[in-house]
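This report concerns only the one structure given below.
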Amino acid sequence: MHGHADADGHFRRKESAFRSTVSSDPDAEFPAEKDRYVLYLTYGCPWAHRTNLVRSLKGLEDIIQLVILDPELGPEGWFFSGRWGSAEKDPLYGFTKLSQFYFKAEPDYEGRYTVPMLWDKRKETIVNNESAEIIRMLYTEFDQLLPEELREANRPGGGFYPAHLRSEIDAMNEWVYHKINNGVYKTGFATTQEAYDANVYPLFEALDRVEQHLAHPGHQPYLFGENITEADIRLYTTICRFDVAYYLIFRCNLKMIRHDYPLIDRWYRRLYHDETQRTRGGAFKKTTFFGIVREPL
């Protein structure tokens, strides 16, 4: 865990390296096509969880292949093992490590080997490894391959990233990312007291802010009203891990969600336990693996 921090004790997340886009335009560099793309991820990673969750919510299981790596980060990065529901080896090339894809895409690659990773089988390269961008591709770019009821234009409220709420969602994403999504890592990976203090208090101030946000009548039952949006998806993958992992393993232990944040807890439980068509039969629950999340891998 301590190997993630810089020399001053602070953890600083590096930028993702591959930032291309799958497009509904058939003439695009990476056009949306059935069976062309593979999503590589681990069940334990909250960033990867976002993409798996949206793939399920959108009904893209038969369009985008999913391949799972071992949830433990090995000395050489993510790898295949056959444990915890992971593949024994990569089904495309027989690779045993995620890094092999990065070098296949770019032989001189010098960055991190991260998940999620969206791979193009036709061009044999990485399209994108930034979860925030991958989920937005999944919202809309494959819609022409989906039945009418699963297309964004036909979703209640205008979809997961509706035009009339984009500025509000973007604003919330900004502080939730820095103080909560990444805040738990900046706290957990801190190697000095100063670095820990600099991040643990803003983390809980941000959780207090979410609790206050949910107290507003217009922010019920979801963060922006009657329909699930991107803001719910991005916050959920951190909150579902909070009490079972971050509280203990990352020392984010000033408060617990279940005991100290009743509105967040109710919001979270509603998403997790919903097995209606709203969540395509339980996408939040089915993509949350507590047995893996709680392991201090």
Side-chain angles (χ1 to χ4, degrees), residues 46-47 49-51 53-54 56-58 131-133 135-136 138-140 152-187 198-247 250 252-280 282-285 287-288:
W47 317 103
H49 188 177
R50 293 176 177 181
T51 61
L53 175 54
V54 174
S56 182
L57 287 168
K58 285 293 299 184
S131 67
E133 295 173 1
I135 62 174
R136 289 193 176 175
L138 302 188
Y139 295 156
T140 57
E152 285 300 274
N154 298 322
R155 289 191 64 86
F160 294 115
Y161 189 51
H164 68 288
L165 288 174
R166 287 183 182 178
S167 61
E168 292 179 75
I169 290 172
D170 288 346
M172 176 171 256
N173 283 347
E174 179 70 14
W175 59 266
V176 165
Y177 168 77
H178 288 291
K179 295 185 176 181
I180 300 178
N181 298 143
N182 201 35
V184 294
Y185 286 90
K186 291 188 289 185
T187 300
N199 292 290
V200 71
Y201 295 110
L203 164 62
F204 283 92
E205 288 167 3
L207 288 171
D208 292 344
R209 185 174 175 182
V210 174
E211 186 78 1
Q212 294 163 6
H213 176 92
L214 286 167
H216 189 282
H219 301 152
Q220 289 286 342
Y222 306 107
L223 289 170
F224 286 101
E226 291 295 321
N227 300 293
I228 297 168
T229 67
E230 177 179 276
D232 298 287
I233 292 165
R234 288 175 53 133
L235 182 61
Y236 173 86
T237 59
T238 297
I239 297 302
C240 72
R241 289 164 168 76
F242 202 92
D243 288 359
V244 299
Y246 300 141
Y247 182 88
F250 279 10
C252 299
N253 51 18
L254 302 186
K255 299 178 184 178
M256 296 185 81
I257 300 299
R258 73 188 78 178
H259 295 309
D260 302 299
Y261 293 103
L263 298 182
I264 297 177
D265 188 55
R266 184 171 67 185
W267 162 87
Y268 154 66
R269 289 173 184 269
R270 178 178 286 111
L271 289 170
Y272 179 82
H273 289 292
D274 188 328
E275 296 186 35
T276 69
Q277 189 52 41
R278 182 191 295 271
T279 62
R280 285 201 69 247
F284 288 86
K285 186 175 186 176
T287 60
T288 303

Answer yes or no: is there a side-chain heavy-atom contact under 4.5 Å between [X] and [Y]?
| X | Y | value |
| --- | --- | --- |
| E168 | L165 | yes |
| H49 | R241 | yes |
| L271 | I239 | no |
| I228 | D274 | no |
| R266 | Q220 | yes |
| L203 | K179 | no |
| I135 | W47 | no |
| L53 | F284 | yes |

- Going by atom types only, do Y161 and T140 share a side-chain donor-acceptor pair under 3.5 Å? no

- Item | Any side-chain donor near an acceptor of the partner, Y261 and D208, under 3.5 Å | yes

- Kindly write out the residues that satisfy side-chain contact (heavy atoms from CB on, under 4.5 Å) with A171, not counting sequence neighbours, or none if the list is empty. none

Within this structure, what is the [atom1]-[atom2] distance for the pair [X] and [Y], rounded to the nearest 0.5 Å?
| X | Y | atom1 | atom2 | result |
| --- | --- | --- | --- | --- |
| K58 | E152 | NZ | CD | 3.5 Å |
| T279 | Y272 | OG1 | OH | 12.0 Å |
| N182 | T187 | CG | OG1 | 9.5 Å |
| L138 | S131 | CG | OG | 10.5 Å |
| T288 | Y268 | OG1 | OH | 6.5 Å |
| R50 | E230 | CZ | CD | 8.0 Å |

Are [X] and [Y] close enough for a salt bridge, meaning some N to O gap below 4.0 Å?
| X | Y | result |
| --- | --- | --- |
| D243 | R269 | no |
| R258 | D265 | no |
| K285 | E275 | yes |

- Message: Please evaluate residues F160 and Y139 with respect to the criterion ring pair (Phe, Tyr, Trp, His ring centres under 6.0 Å), reporting the C-alpha separation (whole Å), side-chain torsions for both, the decisive distance (0.1 Å), and the verdict.
- Response: CA-CA 7 Å; F160 294 115; Y139 295 156; 5.7 Å; yes

- Decide side-chain contact (heavy atoms from CB on, under 4.5 Å) for V210 and I180; before the verdict, give the C-alpha distance in whole Å, the side-chain angles of both, and the deciding distance to 0.1 Å. CA-CA 10 Å; V210 174; I180 300 178; 3.8 Å; yes

Give me the atom names and distance for the closest heavy-atom approach of [X] to [Y].
| X | Y | result |
| --- | --- | --- |
| P162 | T229 | CD-CG2, 4.3 Å |
| N227 | P156 | OD1-CB, 3.3 Å |
| A283 | L57 | CB-CD2, 3.6 Å |
| P46 | T237 | O-OG1, 3.4 Å |
| R280 | S56 | NH1-O, 2.6 Å |
| C252 | F204 | O-CZ, 3.3 Å |

- Full working for ring pair (Phe, Tyr, Trp, His ring centres under 6.0 Å) between Y247 and F242: CA-CA 6 Å; Y247 182 88; F242 202 92; 7.3 Å; no

- Going through the distances and angles, do L223 and M172 end up as a side-chain contact (heavy atoms from CB on, under 4.5 Å)? CA-CA 10 Å; L223 289 170; M172 176 171 256; 4.0 Å; yes

- Task: Apply side-chain contact (heavy atoms from CB on, under 4.5 Å) to the pair R234 and I169, showing each step before the final yes or no.
- Result: CA-CA 10 Å; R234 288 175 53 133; I169 290 172; over 6 Å; no

- Message: Could you walk me through whether H213 and F224 satisfy the ring pair (Phe, Tyr, Trp, His ring centres under 6.0 Å) test, starting with their C-alpha distance in whole Å, then the side-chain angles of each, then the deciding distance to 0.1 Å, before giving a yes or no?
- Response: CA-CA 9 Å; H213 176 92; F224 286 101; 5.3 Å; yes

- Any donor-acceptor N/O pair, D232 side chain to Y222 backbone, under 3.5 Å: no

